[in-house]
Number of protein chains: 2
Amino acid sequence: MVDVSHGCRLIAPMSTALDQVFSALADPTRRAILSMLLEDDMAVTDVAEPFAMSLAAISKHLGILSAAGLISQEKRGRVKWCKLEPDALHSASVWMHGFGQMAPLDLDAFEVFLKQALGEGPNRP
Amino acid sequence: MVDVSHGCRLIAPMSTALDQVFSALADPTRRAILSMLLEDDMAVTDVAEPFAMSLAAISKHLGILSAAGLISQEKRGRVKWCKLEPDALHSASVWMHGFGQMAPLDLDAFEVFLKQALGEGPNRP
DNA sequence: TGCATATTCAACCAAATGGTTGACGTTTCG
DNA sequence: CGAAACGTCAACCATTTGGTTGAATATGCA
């Protein structure tokens with residue numbers, strides 16, 4: 001009965017994308033996995049190693065992250081490599097900063113800001 | 001077995017805060033509520049009005065948003081007013097932009113950016 | 001006082017989530 | 001070839017989630 005896409009029917013399907021991204025990020029195990037992948041691409045087994053849970057459980061988590069677009073998985077030989085896809089955070093970022101009220105226009109400035117921050121930030125030598 | 005706070009035990013309890021914020025944002029009904037509250041403070045009944053679900057359900061959603069710190073609720077008379085608390089998105093923002101790797105330093109620049117974007121943005125006359 | 005309004009509480013329900021285990025395909029390698 | 005490593009699948013389980021309804025609790029107002 002309410003327009004859940006808050007006034008912009010053109011991007012209605014995005015609501016599902018936001019659901020997926022936010023609920024993927026809601027789990028601490030999955031956030032930890034993303035942090036690990038920030039340092040380097042990893043195989044599924046290596047991702048699972050530090051956790052106190054089964055490989056199958058980690059495999060599921062990776063599936064959820066992949067469905068949300070937060071990572072990509074490429075099988076080379078018998079090992080499946082997991083790679084961070086930070087762009088997926090984009091839609092979520094856009095939504096968060098202003099709850100969808102500061103639309104695409106500001107997004108450009110945001111991109112510029114992010115690029116500069118990532119390139120010149122004191123924590124990225 | 002893994003350090004879920006990704007290397008900074010000092011902010012370990014924040015993991016719970018992130019859980020709450022992200023899972024609060026994962027629901028489209030709750031995101032719609034936040035969008036509504038962006039325009040103005042509202043009473044519980046008024047928040048519920050456009051949705052096709054019971055008042056009790058909305059009351060629960062508001063409780064979740066409140067527990068996550070995304071809104072505050074103040075009872076005046078017999079009506080309980082709901083107010084957006086955008087600061088709660090702060091920790092989530094910090095985490096998202098660089099998965100916790102570009103720390104407080106960039107945050108300042110981010111705040112400056114946000115203030116300017118909100119103040120001068122073409123969608124905020 | 002008494003009634004309508006505003007909101008929550010309690011009990012219940014179906015479905016989704018996060019985990020387990022064991023069996024199963026692939027690929028690599030001795 | 002045969003065994004080991006890599007990863008997923010299927011079935012199962014306990015808990016959480018998102019919703020319902022009906023009763024209960026304040027508060028405002030005639």
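Numbered from 1 within each chain, the chains take letters A, B, ... in sequence-line order.
- Expressed to the nearest 0.5 Å, how far CG of Asp27(A) lies from CG of Leu18(B) amounts to 12.0 Å.
- Contact between the side-chain N/O atoms of Ser59(B) and the OP1/OP2 oxygens of dT7(C) is not found at any separation under 4.0 Å.
- With rounding to whole Å, Leu62(B) atom CG is found 13 Å from dA6(C) atom C1'.
- Among all heavy-atom pairs drawn from Ile71(A) and Cys82(A), the shortest one is CD1-CB, 4.4 Å.
- Atoms CG and CG, on Asp40(A) and Leu84(A) in that order, are 11.0 Å from each other to the nearest 0.5 Å.
- With dG19(C), dA6(C), dT8(C) as the candidates, the nucleotide lying closest to the side chain of Ala57(A) is dG19(C).
- Closest non-hydrogen pair, Gln20(B) versus Ala67(B), comes out as NE2-O, 3.2 Å.
- One can place NZ of Lys60(A) at 11 Å from P of dT17(C), the figure rounded to the nearest angstrom.
- Contact footprint of chain B on DNA chain D: nucleotides with an atom under 4.0 Å from a non-hydrogen protein atom, first to last in 5' to 3' order, dG18(D) to dG28(D).
- Of the possible polar contacts, none joining the Gln73(B) side chain to the Lys80(B) backbone as a donor-acceptor pair under 3.5 Å is found.
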Quick one, give me the B/S/- string for nucleotides 23-30 of chain C, reading 5' to 3', where B means a protein heavy atom under 4.0 Å from the base and S means that only happens at the primed atoms, P, OP1 or OP2.
-> ----BB--
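- In this structure, Val47(B) and Leu37(B) approach most closely via the heavy-atom pair CG2-CD2, 4.4 Å.
- Neither OP1 nor OP2 of dT17(C) sits under 4.0 Å from any side-chain N or O of His61(A).
- The CG-P distance, from Leu55(B) to dT7(C), rounds to 7 Å in whole Å.
- Summarising the geometry, atom CG belonging to Leu25(A) is positioned 9.5 Å from atom CG belonging to Leu25(B); distances are rounded to the nearest 0.5 Å.
- Summarising the geometry, atom CG belonging to Asp19(B) is positioned 4.5 Å from atom CZ belonging to Arg31(A); distances are rounded to the nearest 0.5 Å.
- Whole-Å rounding puts the Gln20(A) CD to dT17(C) P distance at 10 Å.
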Expected list for residues 53-66 of chain B: side-chain donor-acceptor pairs under 3.5 angstrom, two or more places apart:
from     : atom 1 : to       : atom 2 : distance (Å)
Ser54(B) : OG     : Ala57(B) : N      : 3.1
His61(B) : ND1    : Arg30(B) : NH1    : 3.1

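- One atom, NZ of Lys80(B), and another, C1' of dT8(C), lie 8 Å apart when rounded to the nearest Å.
- Rounded to whole Å, the distance from CZ on Arg30(A) to P on dT17(C) is 9 Å.
- Base contact: Ala56(B) has a heavy atom under 4.0 Å from a base atom.
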